[in-house]
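The structure under discussion appears below in the form of structure tokens.
Bear in mind that the values here come from a model prediction, so they are computed numbers and not experimental data. Sequential numbering from 1 along the given sequence is applied to the chain's residues.
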Amino acid sequence: MSAPFKLRPYQQDAVDATLQHFRKTDDAAVIVLPTGAGKSLVIAELANLAKRKILVLAHVKELVEQNHAKYESYGLSGGIFSAGLKRKENDQQVTFASIQSASANLDRFSTEYSLLIIDECHRLNDDENSQYGKIIGQLRSRNPRLKVLGLTATPYRLGMGWIYQYHYRGFARSSEAKPFKYCIYELPLSFMIRKGYLTPPNCVDATITQYDFSALTTNRFGNYAETDVNQLLGKHPRVTETIIEQVHELAENRQGVMIFAATVKHANEICGYLPAAQTALITGATDNKARDQLIQRFKQKKLKFLVNVSVLTTGFDAPHVDFIAILRPTQSVSLYQQIVGRGLRLAEGKTDCLVIDYAGNHFNLHHPEVGEKKPNPDTDPVQVFCPSCGFANIFWGKTDAEGNVIEHYGRRCQGLLEFDPSQTIQQEPQQCDYRFRFKECPHCNAENDIAARNCHRCKMAIIDPDDQLKNALKLKDAMVIRCSGMVLSTEQARLKVTYHGEEGEELNEYFDFTKPAQKAIFNTQFGKRIANAQTPKALQSVADVLAIEPQLTAPDFVIARKQKHYWRVQERIFDYEGRHRKANQL
């Protein structure tokens with residue numbers, strides 16, 4: 001039966017990309033479409049085209065219901081397997097299920113399925129014992145050639161990074177296996193807005209007081225401890241009241257306002273400053289029936305303000321929302337994008353969505369995603385070309401006033417060599433092996449990732465920098481300095497390198513460029529790292545070195561041993577990541 005609607009061009013492209021991919025391989029794939037792009041229509045079309053049994057998973061009942069409704073709009077009948085919706089049907093060709101219900105009833109999915117579709121698939125990890133891992137394992141036990149397709153607006157998560165390994169445009173997100181092997185289709189948010197498929201966000205800085213969460217620490221997932229946040233907020237009670245006064249004032253000509261609070265205590269305080277008759281609060285503890293009623297009243301515009309704590313960032317669709325107030329901190333770009341995405345759907349009479357960040361998160365919605373936590377608040381995505389293959393990498397970094405990259409935090413080039421996604425995938429794509437930051441193997445001199453424990457070439461153990469520092473600090477005749485910079489000069493035709501410690505210490509080292517061995521050591525240590533390895537070269541003379549002094553990268557730590565009347569540098573530790581604080585770090 002023909003569809004009651006016509007797919008947008010990009011939706012049809014996503015469907016075509018899926019069909020082409022799974023004709024070539026069974027490798028798990030992901031489609032990346034911004035919030036509001038109509039992922040449920042892509043799912044419905046794929047389910048309509050399927051000839052065998054498929055299972056569609058989502059993590060909240062609202063998405064299960066939404067995806068099922070789009071499929072049945074074709075005039076087809078599909079089953080729903082969700083305790084939250086009080087239905088457990090899985091005898092039809094297409095089943096729409098919640099992951100919680102499916103994983104708790106594995107025996108109900110013992111027949112052969114050809115395709116598994118996972119909505120909001122950034123929630124998936126590589127744990128075989130997780131809810132997703134169990135259902136995937138169950139389906140693959142019945143069909144080893146099971147196709148797995150994920151859809152998401154944000155294909156990354158703090159603590160794990162990117163959820164896929166290779167991108168169809170010819171670059172790698174990781175050298176390690178990920179839950180999905182390929183990203184087969186992606187559209188940026190800017191495209192959707194430019195083409196009129198989404199409402200333009202009007203992101204403005206808070207013109208009054210803001211919260212300052214910069215002193216708080218996060219765990220590896222970018223989350224803040226609730227007690228720490230409440231303690232900080234409790235010290236500045238007037239701040240929240242002032243912010244909500246402004247929100248209330250700006251909301252006068254807005255249709256629907258969503259406020260994202262930091263904690264439950266914070267959310268209750270916010271509600272106390274808003275008109276009770278127009279305000280609803282939803283938290284993880286809100287009863288399901290009450291939650292449904294409050295959401296329905298908000299969608300019907302009987303309520304104007306919807307305050308929530310970490311529960312309406314995905315699977316929530318209220319197109320009339322045209323004001324997003326962010327009062328919670330996050331280190332997660334994906335969470336920030338999901339929050340703003342709640343207000344970007346098209347609606348009658350809606351020309352833009354006002355977005356005000358009162359928590360100082362400082363994310364740019366239109367910047368390309370790096371997929372990792374910001375190393376410093378003043379970093380932005382920067383483009384760095386690989387000196388080996390020429391690929392344009394995107395890393396966190398810093399630029400000068402002219403826009404030139406002066407520092408970046410990339411490790412390895414992401415480019416894929418001779419990769420053609422239109423051809424049958426017969427072998428693993430080959431990632432460029434150029435490394436901007438590296439740890440050199442003492443056994444074979446191969447360059448390894450700075451976190452590597454064993455050499456990727458010779459497999460021998462690599463000395464851990466923390467062990468080097470620990471051992472050196474135990475010695476009475478050793479000096480270890482946190483290097484805050486270095487100065488180059490000429491002394492008796494030799495190159496003199498002076499390392500400066502943050503507490504005023506100095507260590508000197510000399511290189512005689514007339515001796516090939518010493519020249520080679522300097523080029524291995526410093527020449528490969530010129531401009532953070534963006535322009536590595538073999539320097540031939542002291543004059544060559546002095547000419548590019550500003551581009552040379554200083555080590556993070558320098559270890560020296562006492563030699564009668566002077567200190568002799570033995571180790572220079574670059575690109576350090578470990579337990580010890582580097583120079584000028586708080």
Side-chain angles (χ1 to χ4, degrees), residues 32-37 39 59-60 62-63 119-120 122-123 152-158 188-190 192-193 198-206 210-211 213 218 221-224 226 229 240 243-244 247 250-251 254-264 266-267 270 280-284 286 291 295 298-299 305-347 350 352-367 369 371 373-374:
V32 180
L33 291 174
T35 300
K39 291 188 290 292
H59 70 290
V60 291
E62 289 86 357
L63 279 178
D119 199 0
E120 303 291 356
H122 57 275
R123 304 178 67 85
T152 181
T154 51
Y156 34 80
R157 55 190 295 178
L158 290 179
L189 180 66
S190 56
M192 300 291 293
I193 295 170
L198 290 178
T199 301
N202 178 16
C203 301
V204 300
D205 292 328
Q210 295 186 39
Y211 301 116
F213 295 103
T218 63
F221 301 106
N223 297 322
Y224 296 80
E226 184 173 348
V229 175
T240 301
I243 288 173
I244 297 305
V247 170
L250 295 174
R254 296 284 166 174
Q255 300 181 55
V257 183
M258 289 188 71
I259 301 174
F260 291 83
T263 67
V264 174
H266 185 218
I270 290 169
L281 169 61
I282 296 180
T283 73
T286 305
R291 167 179 163 149
I295 289 176
F298 180 71
K299 289 183 176 181
F305 301 94
L306 187 57
V307 183
N308 85 101
V309 184
S310 302
V311 292
L312 298 180
T313 54
T314 59
F316 177 78
D317 182 2
H320 76 287
V321 171
D322 55 0
F323 186 0
I324 300 287
I326 305 172
L327 279 70
R328 57 156 296 170
T330 181
Q331 291 290 320
S332 170
V333 183
S334 63
L335 177 59
Y336 186 84
Q337 291 176 337
Q338 293 281 9
I339 288 173
V340 176
R342 300 307 105 198
L344 302 188
R345 295 180 187 274
L346 301 177
K350 180 177 172 182
D352 72 350
C353 177
L354 178 62
V355 179
I356 303 183
D357 181 2
Y358 292 99
N361 293 302
H362 302 303
F363 290 121
N364 188 321
L365 282 176
H366 300 290
H367 275 170
E369 174 51 41
K373 182 179 176 180
K374 266 191 174 189

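- Contact between Ala251 and Val257 at its shortest, heavy atoms only, is CB-CG2, 3.7 Å.
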Under the side-chain contact (heavy atoms from CB on, under 4.5 Å) criterion, do Thr283 and Val311 qualify, and how do the steps go? CA-CA 6 Å; Thr283 73; Val311 292; 5.6 Å; no
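- Checked against side-chain contact (heavy atoms from CB on, under 4.5 Å), Pro188 has the following partners two or more places apart in sequence or in another chain: Ser190, Phe191.
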Using the side-chain contact (heavy atoms from CB on, under 4.5 Å) rule, take Val355 and Cys353 through it: C-alpha gap first, then chi angles, then the decisive distance, then the call. CA-CA 6 Å; Val355 179; Cys353 177; 4.2 Å; yes
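- Inspection of the Gln337 and Thr35 side chains reveals no N or O donor paired with an N or O acceptor under 3.5 Å.
- In this structure, Tyr358 OH and Leu327 CG are separated by 7.5 Å, a value rounded to the nearest 0.5 Å.
- Residues passing the side-chain contact (heavy atoms from CB on, under 4.5 Å) test with Ala280, sequence neighbours excluded: Leu294, Leu303, Leu306.
- Considering only heavy atoms from C-beta on, Leu250 comes within 4.5 Å of Leu354 through its side chain.
- For the pair Pro201/Leu344, a side-chain contact is recorded, criterion being any heavy-atom separation below 4.5 Å from C-beta on.
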Please evaluate residues Arg328 and Asp357 with respect to the criterion salt bridge (Lys or Arg N to Asp or Glu O under 4.0 Å), reporting the C-alpha separation (whole Å), side-chain torsions for both, the decisive distance (0.1 Å), and the verdict. CA-CA 8 Å; Arg328 57 156 296 170; Asp357 181 2; over 6 Å; no
Please lay out, stage by stage, how Ile326 and Ile339 fare under the test side-chain contact (heavy atoms from CB on, under 4.5 Å). CA-CA 8 Å; Ile326 305 172; Ile339 288 173; 3.9 Å; yes
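- Asp352 contributes atom CG, which lies 10.0 Å from atom SG of Cys203 (distance to the nearest 0.5 angstrom).
- Thr152 OG1 to Arg123 CZ: the interatomic distance, rounded to the nearest 0.5 Å, is 10.0 Å.
- For Phe323, there are no ring-ring contact (aromatic ring centres under 6.0 Å, His included) partners two or more places apart in sequence or in a different chain.
- Closest of all the heavy-atom pairs between Pro319 and Ala347 is O-CB, 3.4 Å.
- At least one donor-acceptor pair closer than 3.5 Å links the side chain of Asn361 to the backbone N or O of Thr330.
- Two residues are said to be in side-chain contact when any heavy atoms from C-beta on lie closer than 4.5 Å; Ile270 and Phe305 fail this criterion.
- In this structure, His320 has no side-chain hydrogen bond (donor to acceptor under 3.5 Å, both in side chains) partners at least two apart in sequence or on a different chain.
- Thr199 meets the side-chain contact (heavy atoms from CB on, under 4.5 Å) test with Leu346, Lys350; sequence neighbours excluded.
- Between Asp322 and Arg342 no salt bridge is recorded (no basic side-chain N to carboxylate O distance below 4.0 Å).
- A donor-acceptor pair under 3.5 Å is absent between the side-chain atoms of Asn202 and the main chain of Ile356, judged by distance alone.
- No side-chain heavy atom of His266 sits under 4.5 Å from any side-chain heavy atom of Val229.
- Every side-chain contact (heavy atoms from CB on, under 4.5 Å) that Ala267 has, sequence neighbours left out, goes to Ala261, Leu281, Val307, Val309.
- Looking at heavy atoms from C-beta onward, Pro34 lies in side-chain contact with Met192 at the 4.5 angstrom threshold.
- In this structure, Thr154 and Gln338 approach most closely via the heavy-atom pair OG1-NE2, 3.1 Å.
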